[in-house]
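Below is one structure, written out as structure tokens; comments come after it.
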There are 2 protein chains.
Amino acid sequence: MLLHMAEIDGPVTSESLAGMMQTNPVVIRRILAGLRKQGLVHSEKGHGGGWRLAKDLETVTLYDIHIALGSPGVLALGHRTEAPGCLVEQAVNNAMGEAFDAAEALLLSRFREITLASLSRDFHQRMQHCGNPGH
Amino acid sequence: MLLHMAEIDGPVTSESLAGMMQTNPVVIRRILAGLRKQGLVHSEKGHGGGWRLAKDLETVTLYDIHIALGSPGVLALGHRTEAPGCLVEQAVNNAMGEAFDAAEALLLSRFREITLASLSRDFHQRMQHCGNPGH
DNA sequence: TTTCATGTAACTTAAAATATTACATGAAAG
DNA sequence: CTTTCATGTAATATTTTAAGTTACATGAAA
Ligand code: FES
Ligand code: FES
């Protein structure tokens, strides 16, 4: 969404973003509300209002966005019970927990390396080779 | 489930396993059916029937179980669209895909190191310090 | 004062995961 | 050889979760 916003100068309304993402404007607002709290975007009400990027693409990483989205769980597998009484479950949770933490740490460290600017460059390169005027 | 089975000698019925796992016997059968296909467990019908471990705990890793369960997706985040027309989405999927693959590879390599035997040892150690006769 | 856009709460719908029922198959017990 | 018990599996139902929608309040520009 941010990368699409970057291609447009001037503010973008939730409605037009919803069109791009094929969803509802309210969903867009809910998501962008989180990003605004982290200072990634800025919003204005009323005539000529809408959403605007608040930071340089070079300074924003996927990790920043992940945090802004509320640090959702990264792994589909996980502890069923938070504090299980079953001792087998305790042993399994303990062993798998270490593996999960390692995998999550690796993923997030990769996210820190990926800036929106680099993604934007990749996008523009794809545009060259695409030629589709729809984009 | 397998570790609980390891503590019982003789076959265990789906019903008693369902009691331990607090779920329905059919759910147990469905899961164990996958494990049987990989040769991890063995089942017998009729009187005195039930489920039995088919391998030594030392030779079974969490990775084996993961495969037997059908290699379910490990990451909660993921590609929304398989082959997106949107060039931004292509760029993002490409970059995140590499990070996902690295994280998943790390997790599965950790799973390969964790044998049921090591989990069982951890479990028995917890038993020592627990003293709860319910276990 | 009208129009347009965000800000949110409450509600609805849709999708996915999980659980249940029902019945067939096969093996041991009586 | 009939009853009992347990798995095997399809079909169905329920629960849970995520996603989308409606409704209305707030604030800014025309
Ligand atoms: S629609 Fe996303 S790049 Fe063309
Ligand atoms: S219930 Fe005691 S170890 Fe699982």
Side-chain angles (χ1 to χ4, degrees), chain A residues 1-2 4-5 8-54 66 68-82 84 89, chain B residues 1-2 4-5 8-54 65-66 68-82 84 86 89:
Chain A
M1 199 141 66
L2 298 181
H4 273 107
M5 284 167 66
I8 300 166
D9 54 321
V12 192
T13 66
S14 309
E15 192 165 342
S16 72
L17 284 170
M20 299 180 199
M21 317 305 288
Q22 313 205 75
T23 181
N24 190 289
V26 177
V27 175
I28 301 290
R29 290 189 202 126
R30 275 203 288 247
I31 295 171
L32 288 183
L35 301 198
R36 182 186 43 213
K37 218 174 292 176
Q38 299 292 318
L40 299 184
V41 297
H42 176 251
S43 68
E44 279 170 291
K45 288 179 174 177
H47 254 105
W51 300 89
R52 204 188 287 272
L53 290 178
H66 180 257
L69 292 175
S71 309
V74 153
L75 292 158
L77 283 40
H79 306 324
R80 289 263 152 126
T81 314
E82 203 47 56
E89 197 172 346
Chain B
M1 199 143 66
L2 298 181
H4 273 107
M5 283 167 66
I8 301 166
D9 55 321
V12 192
T13 66
S14 310
E15 192 164 342
S16 72
L17 284 170
M20 299 179 198
M21 318 305 289
Q22 312 204 80
T23 181
N24 191 289
V26 177
V27 174
I28 301 290
R29 292 190 202 124
R30 276 204 288 249
I31 294 171
L32 288 183
L35 300 198
R36 184 187 41 214
K37 218 174 293 177
Q38 299 292 318
L40 299 183
V41 297
H42 175 252
S43 69
E44 279 169 291
K45 288 179 174 178
H47 253 106
W51 300 89
R52 203 189 287 272
L53 290 178
I65 297 172
H66 180 258
L69 292 176
S71 310
V74 152
L75 294 157
L77 283 40
H79 305 325
R80 288 265 153 121
T81 314
E82 203 48 56
C86 171
E89 197 171 348

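Reckoned from all heavy atoms, side chains included, excluding hydrogens, waters and symmetry mates. Model, not experiment: these values are computed from the prediction. Below, chain A is the first sequence line, B the second, and so on; all start at residue 1.
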Q) Under 4.5 Å between any side-chain heavy atoms of Met1(B) and Leu35(B), yes or no? A) no
**Q.** Heavy-atom check, side chain of Leu40(A) versus side chain of Leu53(A), under 4.5 Å
**A.** no
(Q) Only pairs with both distances under 3.5 Å count, Watson-Crick or wobble alike; so what is the partner of dG30(C) in this structure? (A) dC1(D)
Q) Rounded to whole angstroms, how far apart are CH2 on Trp51(A) and C1' on dT6(C)? A) 7 Å
Q) Does a nitrogen or oxygen in the side chain of Ser43(A) sit under 4.0 Å from OP1 or OP2 of dG7(C)? A) yes
Q: Measure the shortest side-chain to side-chain distance between His66(A) and Pro72(A) over non-hydrogen atoms and say whether it is less than 4.5 angstrom.
A: yes
Q) Of Met5(A), Arg52(A), His42(A), which meets side chain to side chain contact (heavy atoms under 4.5 Å, CB included) against Pro11(A)? A) Arg52(A)
Q | Contact check, side chains of Ile31(B) and Met21(B), non-hydrogen atoms, under 4.5 Å | A | no
**Q.** G-U wobble or Watson-Crick pairing nucleotide for dT15(D) (cut-off 3.5 Å, both distances)
**A.** dA16(C)
Q | Value in whole Å for how far the P atom of dG20(D) lies from CD of Glu15(A) | A | 16 Å
Q: Take the protein atom NE2 of His42(A) and the nucleotide atom C1' of dG7(C), then report the distance between them rounded to whole Å.
A: 14 Å
Q | Base versus backbone protein contacts along nucleotides 18-28 of chain C [heavy-atom cut-off under 4.0 Å; B, S, -] | A | SBBB---BBBB
Q. dG27(D) pairs with which nucleotide, Watson-Crick or G-U wobble, both distances below 3.5 Å?
A. dC4(C)
Q: Could you check how far CG of Leu32(A) sits from P of dT8(C), rounded to whole Å?
A: 13 Å
**Q.** Base partner of dG20(D), which must satisfy Watson-Crick or wobble distances under 3.5 Å
**A.** dC11(C)
Q: Kindly indicate whether the side chain of Val12(A), heavy atoms from C-beta on, has any atom under 4.5 Å from the side chain of His4(A).
A: no
(Q) Could you tell me how far apart Arg52(A) (CZ) and dT6(C) (P) are, to the nearest whole angstrom? (A) 12 Å
Q: Measure across Trp51(B) and Arg36(B) and return the closest heavy-atom pair with its distance rounded to 0.1 Å.
A: CH2-NH1, 3.7 Å
Q | Interatomic distance, Ile31(A) CD1 vs dT8(C) C1' [rounded to whole Å] | A | 15 Å
